[in-house]
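Every heavy atom of this structure was used, including side-chain atoms; hydrogens, water molecules and symmetry mates were not.
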Amino acid sequence: SSDVCSSDLTGKSTVAEQFCARTGRNFVRINFHKHTSTEEYLGATGVQNGDTVFEPKDFLKAYATPSTVILLDEVTNADPAELAPLNGFLEPNPKIAFNGVIHTKANGVLVFVADNTYGNGDETGRHVGTRPQNSALIDRFHSVIPFDRSEEHTSELQSRETISYA
């Protein structure tokens, strides 16, 4: 797992999307907000045809799909307690029991986090609403890829309107 960090508008999400387009991988972006719940991105119990069943959401669907890149976008917007269930899924060679089912990561699945605060939240007022995250989550991202906020780099990324599939 990798953590992609920098200020806003540097192309963190775009790079992940472009990587997928150029390598033929599936791309799933999960945006986090103040009220994101575990059920919203992992899944929840629901009713189908009168039976109670677990309905997986975007993260678990992508996690089980080979060669998928999952981008967890702006995690510092979310409550750390709602993100805690991700910890086991982000370990090497995971076999995680969640809602009575053992989940394993499909071959080639990569998980990235894009964040403006390196998981620390922001007290400057620039990224209002972000909050520090539990180090148990942040430490599972073994690589930090800082992005350059130079005018040249930012202009190049902002000028791209389409994804190249070459």
- Main-chain N/O of D51 paired with N49 side-chain donor or acceptor, under 3.5 Å: no

- Task: Would you give the length of the straight line joining atom CD of E55 to atom CG of L60, rounded to the nearest 0.5 angstrom?
- Result: 12.5 Å

- Item | Where Q133 and V75 come nearest, the two heavy atoms and their spacing | NE2-O, 3.5 Å

- Query: Are side-chain heavy atoms of V111 and L90 found at a separation under 4.5 Å?
  - Reply: yes

- Item | Polar side-chain atom of R131 near backbone of K34 as donor-acceptor pair, under 3.5 Å | yes

- side chain to side chain contact (heavy atoms under 4.5 Å, CB included) evaluation trace for K95 with K105: CA-CA 8 Å; K95 289 185 171 88; K105 183 168 62 172; over 6 Å; no

- Message: Go through it in stages, so that I can follow the logic: the residues are T45 and N99, the test is side chain to side chain contact (heavy atoms under 4.5 Å, CB included), and I'd like the CA-CA distance, side-chain angles, deciding distance and then a yes or no.
- Response: CA-CA 8 Å; T45 301; N99 203 38; 3.6 Å; yes

- Message: So which atom in P66 and which in A106 form the shortest heavy-atom distance, rounded to 0.1 Å?
- Response: N-CB, 3.6 Å

- Task: Taking all heavy atoms of F54 and all of G43, pick out the closest pair and write down the distance.
- Result: CE1-C, 3.4 Å

- Message: What I'd like to find out is whether the side chain of P85 reaches to under 4.5 Å of the side chain of F59, using heavy atoms alone.
- Response: no

- Query: Rounded to the nearest 0.5 Å, how far does CD of Q18 lie from OG of S13?
  - Reply: 12.0 Å

- Query: Nearest 0.5 Å, what's the CD1-CG distance between I30 and L71?
  - Reply: 8.5 Å

- Query: Do Y41 and T38 have side chains that get closer than 4.5 Å, going by heavy atoms?
  - Reply: yes

- Message: Walk me through whether H103 and V101 qualify under side chain to side chain contact (heavy atoms under 4.5 Å, CB included).
- Response: CA-CA 6 Å; H103 300 272; V101 177; 3.8 Å; yes

- Might you point out which heavy atoms bring P56 and K61 nearest each other, and give the distance in Å? O-CE, 3.2 Å

- Are side-chain heavy atoms of E82 and E40 found at a separation under 4.5 Å? no

- Could you walk me through whether T76 and D115 pass the side-chain hydrogen bond (donor to acceptor under 3.5 Å, both in side chains) check? CA-CA 7 Å; T76 56; D115 182 60; 2.7 Å; yes

- Query: Would you call I70 and F27 a side-chain contact if the rule is heavy atoms closer than 4.5 Å?
  - Reply: no

- Item | For the student: nearest non-hydrogen atoms of A114 and D73, plus distance | CB-OD1, 3.5 Å

- Hey, could you give me the CD1/OG1 distance between I96 and T104, rounded to the nearest 0.5 Å? 10.0 Å

- Task: Answer whether the closest heavy-atom distance between the side chains of V109 and T65 falls below 4.5 Å.
- Result: no

- Query: Under 3.5 Å, side chain of R25 to main-chain N/O of A21, donor-acceptor pair present?
  - Reply: no

- dist L72:CG -> N31:CG (nearest 0.5 Å) comes out at 10.0 Å

- Task: For E91 and R140, run side chain to side chain contact (heavy atoms under 4.5 Å, CB included): C-alpha distance rounded to whole Å, both residues' side-chain angles, the deciding distance at 0.1 Å, then the answer.
- Result: CA-CA 7 Å; E91 293 176 356; R140 282 173 167 75; 2.9 Å; yes

- Message: Distance check, rounded to the nearest 0.5 Å: D58 atom CG versus T68 atom OG1?
- Response: 11.5 Å

- Query: What's the shortest heavy-atom distance between L110 and F19, and which atoms?
  - Reply: CD1-CE2, 4.0 Å

